[in-house]
Each structure stands twice: as C-alpha cells, then as structure tokens.
Amino acid sequence: MGILWTLIIGAVAGWLGAEIFKGGSLGLIGNIIVGIIGGAIGYWLLGATFGTSVIGQILTSAVGSIILLAIINLFTRGKA
C-alpha cells in the first residue's frame, strides 16, 4: 500500500508542479517520477513545514517538483 500511495502522491504533486510551472509537463510517467523526486527534494529543503498529512505531503512534493522542473528547464531550454 505504501508504494501505491507514493505513486499517487507523486502523480498529483508532479501534475500540480507542472501546472504551476507552465510548460513543465512530462506526461503521466514523467509527472510521477518528477513528483517522487520532488518529494525528496521538498522534504530535504522544507522538512515537515506543511505538516505530515496527505495535503502537506502533496504541497511539499509540489514545491520540490517545481524546483526540479526549473532545473530540468535550465538544461533543456531550446533543445526542442
């Protein structure tokens, strides 16, 4: 159940990060990966600032996803 929950939170956080950071959508699988990695980045930077509830986890992951998408955009700008 923990892996499924991680995938769901990662997908929602990745989608939310892509919506806030326009032009950052990478598709469903890409959003899940960005959300999961973003969750690790967000937790590393913010800790439990937004709390440990599901909403807090999604917000922390979304902040990390936005940071990750900004970094990805720096390296892929103008390649498409």
Side-chain angles (χ1 to χ4, degrees):
M1 187 67 179
I3 293 173
L4 180 62
W5 198 242
T6 301
L7 292 175
I8 292 171
I9 290 176
V12 171
W15 171 80
L16 186 61
E19 287 296 311
I20 293 172
F21 189 84
K22 293 295 182 190
S25 181
L26 302 173
L28 178 62
I29 301 299
N31 282 348
I32 291 173
I33 293 169
V34 166
I36 292 170
I37 295 171
I41 292 170
Y43 185 75
W44 178 66
L45 291 174
L46 301 173
T49 302
F50 295 117
T52 57
S53 67
V54 174
I55 300 297
Q57 292 174 359
I58 290 173
L59 289 175
T60 302
S61 297
V63 169
S65 297
I66 292 168
I67 292 168
L68 181 60
L69 287 170
I71 292 169
I72 290 171
N73 190 37
L74 285 174
F75 289 108
T76 61
R77 187 180 318 164
K79 290 187 178 182

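This is a predicted model, so every value here is computed, not measured. Below, all heavy atoms of this structure are taken into account, side chains as well, without hydrogens, waters or symmetry copies.
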Donor-acceptor contacts, no H, no angles, side chain residues 58-68, under 3.5 Å, sequence neighbours left out:
| from | atom 1 | to | atom 2 | distance (Å) |
| --- | --- | --- | --- | --- |
| T60 | OG1 | G56 | O | 2.9 |
| S61 | OG | Q57 | O | 2.9 |
| S65 | OG | V34 | O | 3.4 |
| S65 | OG | S61 | O | 2.8 |

ILVMFWY cluster, I71 and Y43 together (side-chain gap under 4.5 Å): no
Reported CG-to-CD1 distance for the pair L46 and I41, which is rounded to 0.5 angstrom: 11.0 Å
Transitive ILVMFWY side-chain link L69 to L74, under 4.5 Å: no
Set of side chain to side chain contact (heavy atoms under 4.5 Å, CB included) partners for I32, sequence neighbours left out: L7, A11, L28, I36
